2 protein chains.
Amino acid sequence: MKRKSGEERREEIVRALLDLTAERGTREISTQAIADRVGIAQPTIFRHFPTRDAIFRAALDSIGRKLLDVLTPMLSGRGPADVRLRKLLSRQLRFISRRKGLPRLIFSERLHLEDPELKAVVRDIIDRYTARLEELLRDGVHQGCFRQDLDTAETARLIVALIQGLVMRWSLSDFEFPLDQQGEVLWRLLEPALRAPQGPPDQAPGPHANTSD
Amino acid sequence: MKRKSGEERREEIVRALLDLTAERGTREISTQAIADRVGIAQPTIFRHFPTRDAIFRAALDSIGRKLLDVLTPMLSGRGPADVRLRKLLSRQLRFISRRKGLPRLIFSERLHLEDPELKAVVRDIIDRYTARLEELLRDGVHQGCFRQDLDTAETARLIVALIQGLVMRWSLSDFEFPLDQQGEVLWRLLEPALRAPQGPPDQAPGPHANTSD
DNA sequence: CAAGAAAGCGAGTGATTACTTGCATGAAGC
DNA sequence: GCTTCATGCAAGTAATCACTCGCTTTCTTG
């Protein structure tokens with residue numbers, strides 16, 4: 001019988017966890033279910049992870065790193081802030097829409113309430129993301145494409161909340177609408193709130209308003 | 001020993017469920033924990049509810065009705081739509097901020113994924129609320145205080161998502177910031193997106209912009 | 001005040017949980 | 001080729017879960 005290395009098995013287990021989360025939510029995920037999915041015996045799980053929650057931690061870690069990798073070009077780039085923000089929204093929604101297990105993992109109460117360490121990991125990811133989003137907003141204020149009196153910290157938190165709420169609705173609806181197309185909708189709401197009030201009253205064009213993804 | 005009527009006990013049980021949800025999330029809520037909180041034996045729970053999920057259903061029903069009661073004056077009123085919307089936001093956030101069990105109950109995956117009937121109840125409440133919010137937005141368009149080209153359905157969904165995201169952050173943060181004061185923040189983001197583009201460029205006052213709660 | 005209904009409890013039941021233990025088996029190094 | 005050790009599994013453990021059963025106690029009602 002073929003036998004796999006620990007590294008491979010750990011990745012398989014994390015992958016199985018995410019797949020199961022997408023399908024049934026974290027509640028239904030027992031070590032037995034994970035083992036069945038991977039095709040190994042249930043106790044074998046504990047050869048690779050000391051506890052069940054360690055699998056959740058590994059999954060979170062993996063996905064958190066990938067998300068930051070994908071978004072870093074927009075967060076740290078040097079182009080016009082409004083273009084970067086718009087692209088950031090669409091990229092993030094696309095990233096999430098391809099990993100249905102992610103929202104159910106992030107929103108799961110098992111994760112938030114049962115393991116303080118896991119909770120800290122999630123909050124750290126969200127906080128770091130919010131901080132970098134605020135930098136982007138500040139860039140926009142300095143560049144003049146966002147209003148000078150914008151409360152960047154508050155707005156960054158609201159944007160994060162907006163994305164979270166949208167993703168949650170998507171998750172609650174069993175992914176029945178295409179999440180990755182909601183970036184435009186989001187932007188339509190955000191743009192007037194961010195835009196420097198400088199347009200003539202007949203029409204109000206934001207700078208760089210017609211860049212498509 | 002004093003003995004209570006079934007009605008009273010059922011209310012006590014629902015109350016205990018909500019209290020426990022606020023403190024520990026739905027995952028930790030066993031019938032044993034509920035019974036301990038109420039001060040009765042665990043099997044006695046099943047004298048009053050046929051199954052555990054029936055308690056969740058009763059709790060949702062109770063809270064859903066109360067929320068609609070509180071918000072109906074704003075949703076069905078006849079005043080200026082922007083004033084009503086602003087008040088709606090602050091009232092809703094205040095309502096939720098006084099019931100910490102509510103977000104954890106609504107967001108709980110146990111509720112969304114395990115019992116289809118419960119899930120339908122939640123989606124029904126959200127859908128009905130969204131529909132009435134959209135009516136309010138349409139009122140505002142007709143009254144002229146919101147922009148004529150506003151996509152009311154889309155905007156209503158986004159507002160609901162925004163509130164949900166905000167409430168979720170509040171719940172994840174263990175209620176560490178005062179939710180009921182976030183209505184103003186929300187309004188500051190929403191107003192430019194809703195407002196009819198008619199203000200002079202020097203300053204952009206929305207109609208009825210200075211009504212406090 | 002008698003009788004039936006409803007509320008209560010102690011003691012289970014079977015299912016499921018994360019996790020252990022003891023032992024077999026495959027791969028890598030000397 | 002023999003040792004070594006990580007990977008694997010069958011079987012088991014203690015805890016917890018929602019829920020049931022048999023019986024007692026209280027309340028209501030005629």
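Predicted model only: the values in this text are computed from it and were never measured.
Whole-Å rounding puts the I40(A) CD1 to dA6(D) P distance at 17 Å. Following rounding to the nearest Å, E12(A) (CD) and dG8(D) (C1') show an atom-to-atom distance of 13 Å. Going from atom CD of Q32(A) over to atom C1' of dA11(D) covers 13 Å, rounded to whole Å. One atom, CD1 of I34(B), and another, P of dC19(D), lie 11 Å apart when rounded to the nearest Å. Taking atom CD1 of residue I29(A) and atom P of nucleotide dA18(C), one finds them 10 Å apart after rounding to whole Å. Distance CD1 (I45(B)) to P (dT16(D)): 18 Å, rounded to an integer number of Å. For the pair R47(B) CZ and dC21(D) C1', the interatomic distance rounds to 9 Å; values are reported in whole Å. Regarding E8(B), its CD atom lies at a distance of 15 Å from the C1' atom of dG8(C), rounded to whole Å.
A cation-pi arrangement, defined by a distance under 6.0 Å to the six-membered ring centre and an angle within 45 degrees of its axis, is present between R169(B) and F177(B).
Between R84(B) and R78(B), the closest side-chain pair of non-hydrogen atoms is not below 4.5 Å. Within the 4.5 Å cutoff, side-chain heavy atoms of S97(A) are placed close to those of W170(A).
In this structure, the nucleotide among dA18(D), dC19(C), dT17(C) sitting nearest to the side chain of S30(A) is dT17(C). Each of dC9(C), dA18(C), dA18(D) was ranked by its minimum atom distance to the side chain of R52(B); first place goes to dA18(D).
The shortest distance between the side-chain N/O atoms of T31(A) and the OP1/OP2 oxygens of dA18(C) is below 4.0 Å. Within the structure, a side-chain polar atom (N or O) of H48(A) is placed less than 4.0 Å from OP1 or OP2 of dG8(D). Look at T44(A) and you won't find any side-chain N or O under 4.0 angstrom from OP1 or OP2 of dT7(D).
Using a cut-off of 4.0 Å between Lys/Arg side-chain N and Asp/Glu carboxylate O, R138(B) and E134(B) are scored as salt-bridged.
With the nearest nucleotide of DNA chain C identified for both T51(A) and G39(B), G39(B) has the one nearer the 5' end. If you find the closest nucleotide of DNA chain C to P43(B) and to E7(B), the one lying nearer the 5' end belongs to E7(B).
Between the side chain of Q143(A) and the backbone N or O of A81(A) there is at least one donor-acceptor pair closer than 3.5 Å.
A donor N or O paired with an acceptor N or O is not found under 3.5 Å between the base of dC9(C) and the side-chain atoms of Q42(B).
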